[in-house]
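Have a look at the structure below before the remarks.
Just so it is clear: chains get the letters A, B, ... in the order the sequence lines come, proteins before strands, and each one is counted from 1.
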Amino acid sequence: MPTITLPDGKNLNFLKEATGIEIAGKISKSLLKQALIMSVDGELKDLYFPIKKDSSVKIFTAKDPEGLEVIRHDTAHIMAMAVQELYPGTQVTIGPVIENGFYYDFARKKPFTEDDLKKIEKRMSEIIDKDVKTRREVWKRDEAISHFKKIGEKYKAEILESIPKNEELTVYHHGDTWHDLCRGPHLLSSGKIGKAFKLTKVAGAYWRGDSKNEMLQRIYGTSWASQKDLDAYLNRIEEAEKRDHRKLGKEMDLFHFREESPGSVFWHEKGWALFQKLINYMKMKQDAAGYKEINTPEVLDRSLWEKSGHWEKFGSNMYTSTTPDEKVFAIKPMNCPGCVEVFNQGLKSYKDLPLKMSEFGKVHRYEPSGALHGLLRVRAFTQDDAHIFCTEDQITKECLTVTNLILEIYKDLGFENVILKYSDRPELRVGDDSVWNKAEAALLEAVKATKLEYTINKGEGAFYGPKIEFVLRDAIGRDWQCGTLQVDFNLPGRLGASYVDKDGTKKVPVMLHRALFGSLERFIGILIENYAGKFPFWISPLQTVIIPISEDFEDYAKKVSNKIKEVGISCLVDLKNHNLNYKIREHSLAKVPILLICGKKEVDSNSVTIRRLDSDKQENMELNKFLKTFSALNKVSSN
RNA sequence: GCCCUUGUAGCUCAGCUGGUAGAGCAAUUGAUUUGUAAUCAAUAGGUCCGCGGUUCGAAUCCGUGCGGGGGCACCA
């Protein structure tokens, strides 16, 4: 006689046992129709699961995240079923739900093509129309293994062998012809999935995510509660594509890439202007925060990299060069060793600490070709790097100071949402465990002191120390990893850095590595996507364009332009033989924030007529007032 | 690096089953002198990514290399 407690506190009584179907039916007809899955005392179960004891039960529909997740999971199963029907001999492996959809990895000699996706979609649709029933079975381990081996599913058998012995093994049947080893739960029948799904892409993926293993064929799909949701999702993707920095970079004439140097940026005038603005801004912030800017060589002798440990731990990513006299140099992949060499010049006292040295260093890393991605992943980039030499006691405070600076600059650039990722010791590392213990504890303390949301990433630290990464969330909710702060107890010692302490003895300083934008290249890519190319006035690479109404007003336009440039605002006079409408369209598409129209009216009143990007309002302003207003706006973070 | 996919004018793209290339925009020139998102006309512009092969003949088919895109792995 189980009593079922519903979320609203109501109780339902059943004679023998209750299923979700019966419970939903007692609540309402419409719920029975919409019910997809239920939770019994917090645990998700199939709707036909018999409840024998008193429990609290919640029924989920497609409106709940739980319901949507099951829809996606079932879509993945039906896809696998369709694939195995269409392509006999294909083995199934795993098929999880992911953000916005699902994938399923298959083992098949002949890879799937985009055309196959349409055929698979069609077959899925047919299976959904047939509304085949789902059935759950509990299997014995040995039977399951030998069964899957027998039917040629060697990956499933391998998965089975890795499942802990005490775990119950379940197999789900969809109709009479197809089944899969699966934890479940699942929908009652394939018809419950609906038709709001789409297979989106094919890709290779390594078995168990390990590049030493064979490559499987992965099919990605997305699945939603309604066609409307699916359309909205596809629309969101399209909107994100419009912001693609590679596309906008080309359209806005900011930079380009070419075959001769994959992964290295050719900056055009406007892109470089943007780059310089960010650097100047950062210099201003760092000067105020007590950093000393230095610069070190890009090419350094192999012996230094051997001493620093980079040669051994990072060598496969380094560009090297052999000179005509057979000396081996490496192009720096990091700025730190050079910075330590600067620290080592002259005797340092404890009074000099913490010593903050910044460097806008250009580094080169030979990234795998498949990793390259526009400005976001390049082989040559400029770091807004700095190294802070300090004592162990100063670590936590310095980490906090760095964090505050980071949050300030992110805010100035329009990013308010920041989360932290803390990473501890990796397998491949230098230094004793006792040293790592100290470094990790100090950094974690700083993380906690920020009071920001953070995640812990086991084993993902740098080879020389633990690190924090700063992740910012952009205008359309995507996360980007930018800044980093790393504690290093190793490098200063390796490169012989020391300071004289109060008691007159020499001690090895601790070194903090930090970069706030991370890579200027990458950060600009993120800025472009965040603003969809429509930068705030102060960082816009071309801030104003003057459009004279006709040739008669060229002189006035040039005069205005000179005055604008004098106050440090970039300005272009468009003297081309095109009409006003044409020029407004062209410069609006180029995302110039301010267009200034000059004709008879403006000459007579010594003024300009302003047209702001994305507004068709006309705003007349006396020239001197314009200069005053906009040079104020041109100051950092005034927008 | 691995799997799939892709590479035609400055840009966006067309070119069916092989017969040495086309459009729009941009550019140049001329006309027009324009008051808030494309004025008209003419002209010029291409080793069809590179290298091999098949063929009487290759942008098109095959092989290979390089680059781009989507994933996987990598991201110290």
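- Nucleic acid contact for A:K212: none, since no nucleic acid atom lies under 4.0 Å from a heavy atom of the residue.
- Taking the P atom of each, B:G70 and B:C25 are spaced 30 Å apart, rounded to whole Å.
- Applying the Watson-Crick and G-U wobble criteria (two distances, each under 3.5 Å), B:C25 pairs with B:G10.
- B:U5 and B:U64 are spaced 13 Å apart, taking the P atom of each and rounding to whole Å.
- Distance check on atom P: B:G53 versus B:A14 gives 30 Å, rounded to whole Å.
- Rounded to a whole angstrom, the distance from the P atom of B:U8 to that of B:G69 is 14 Å.
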Could you pull out the protein-nucleic contacts involving nucleotides 10-17 of chain B (nitrogen or oxygen on both sides, under 3.5 Å)?
from: B:U12; atom 1: OP1; to: A:K250; atom 2: NZ; distance (Å): 3.1

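- Between A:Y366 and A:N620, it is A:Y366 whose nearest contact on RNA chain B lies nearer the 5' terminus.
- Between the P atoms of B:G24 and B:C3, the separation comes to 42 Å (whole Å).
- B:A9 and B:U54 have their P atoms separated by 28 Å, given to the nearest Å.
- With sequence neighbours excluded, the residues satisfying side-chain contact (heavy atoms from CB on, under 4.5 Å) with A:N437 are A:R425.
- The OH atom of A:Y103 sits 15 Å away from the C1' atom of B:C3 (whole-angstrom rounding).
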Exercise for the section: Take nucleotides 64-71 of chain B nucleotide by nucleotide from the 5' end and write B, S or -, depending on whether a protein heavy atom sits under 4.0 Å from the base, only from the sugar-phosphate, or from neither. Expected result: --SSSSBB
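- Separating the CG atom of A:D574 from the C1' atom of B:U33 is a distance of 14 Å, rounded to the nearest angstrom.
- Heavy-atom distances to RNA chain B give each of A:Q217 and A:P333 a nearest nucleotide, and the one nearer the 5′ end belongs to A:Q217.
- Atom name C1', nucleotides B:G45 and B:C11: the rounded distance is 13 Å, in whole Å.
- Note: CG (A:D552) to P (B:U33) measures 11 Å, nearest angstrom.
- A search for ring pair (Phe, Tyr, Trp, His ring centres under 6.0 Å) contacts involving A:Y531 returns nothing, not counting sequence neighbours.
- Here A:W480 pairs with nothing under the ring pair (Phe, Tyr, Trp, His ring centres under 6.0 Å) rule; sequence neighbours left out.
- When the C1' atom is used for both B:A59 and B:G7, the distance is 11 Å, rounded to whole Å.
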Scan the side chains in residues 365-373 of chain A for donor-acceptor partners under 3.5 Å anywhere in the protein, sequence neighbours excluded, and list what turns up.
from: A:R365; atom 1: NE; to: A:P333; atom 2: O; distance (Å): 2.8
from: A:R365; atom 1: NH2; to: A:P333; atom 2: O; distance (Å): 3.1
from: A:E367; atom 1: OE1; to: A:R377; atom 2: NH2; distance (Å): 3.0

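- Sorted by first then second residue, the salt bridge (Lys or Arg N to Asp or Glu O under 4.0 Å) pairs that include residues 595-604 of chain A, not counting sequence neighbours, are A:K600-A:D604.
- Between A:H513 and A:Y464, the ring planes are parallel. Angles under 30° get that label, and only those over 60° would be called perpendicular.
- Counting only residues at least two apart or in different chains, salt bridge (Lys or Arg N to Asp or Glu O under 4.0 Å) contacts with residues 508-529 of chain A comprise A:R478-A:E529.
- Looking only at side-chain heavy atoms (C-beta outward), A:L443 and A:I468 come within less than 4.5 Å of each other.
- Between A:F517 and A:F523, the ring planes lie tilted relative to each other; the angle falls in the 30° to 60° range.
- By the side-chain contact (heavy atoms from CB on, under 4.5 Å) test, A:P593 is found to be paired with A:F537, A:S540, residues two or more places apart in sequence or in another chain being considered.
- Salt bridge annotation for A:K119-A:E121: absent, with no cationic side-chain nitrogen under 4.0 angstrom from a carboxylate oxygen.
- Looking at heavy-atom distances under 4.0 Å, A:S550 makes contact with a base.
- With both pairing distances under 3.5 Å, B:C40 is matched to B:G30 as a Watson-Crick or G-U wobble pair.
- For A:H587 and B:A26, the NE2 to P distance is 13 Å, given to the nearest whole Å.
- Between A:F255 and A:H268, the ring centre distance reaches or exceeds 6.0 Å.
- A donor N or O paired with an acceptor N or O is found under 3.5 Å between the base of B:U33 and the side-chain atoms of A:E551.
- The NZ-C1' distance, from A:K313 to B:C74, rounds to 18 Å in whole Å.
- Remark: P of B:C72 and CD1 of A:I94 are 12 Å apart, rounded to the nearest angstrom.
- Atom CZ in A:R377 sits about 10 Å away from atom C1' in B:A73, given to the nearest Å.
- When Watson-Crick and G-U wobble pairs are counted only if both distances are under 3.5 Å, B:G63 pairs with B:C51.
- Scanning for ring pair (Phe, Tyr, Trp, His ring centres under 6.0 Å) contacts around A:H73 gives A:H77, A:H186, with sequence neighbours left out.
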Completion exercise
Its contact letters, B for base, S for sugar-phosphate only and - for none at protein heavy atoms under 4.0 Å, make nucleotides 36-48 of chain B read BBBB---------
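- Under the Watson-Crick or G-U wobble criterion, with both distances below 3.5 Å, B:A58 is left unpaired in every strand shown.
- Under the ring pair (Phe, Tyr, Trp, His ring centres under 6.0 Å) criterion, A:F112 pairs with A:Y87, A:F106, sequence neighbours left out.
- B:C72 is paired with B:G1 under the criterion used here, namely a Watson-Crick or G-U wobble arrangement in which both key atom distances are under 3.5 Å.
- Pairing for B:U17 is absent, judged as Watson-Crick or G-U wobble with the two contacts each under 3.5 Å.
- Here the C1' atom of nucleotide B:C4 and the CG atom of A:L199 are 15 Å apart, to the nearest Å.
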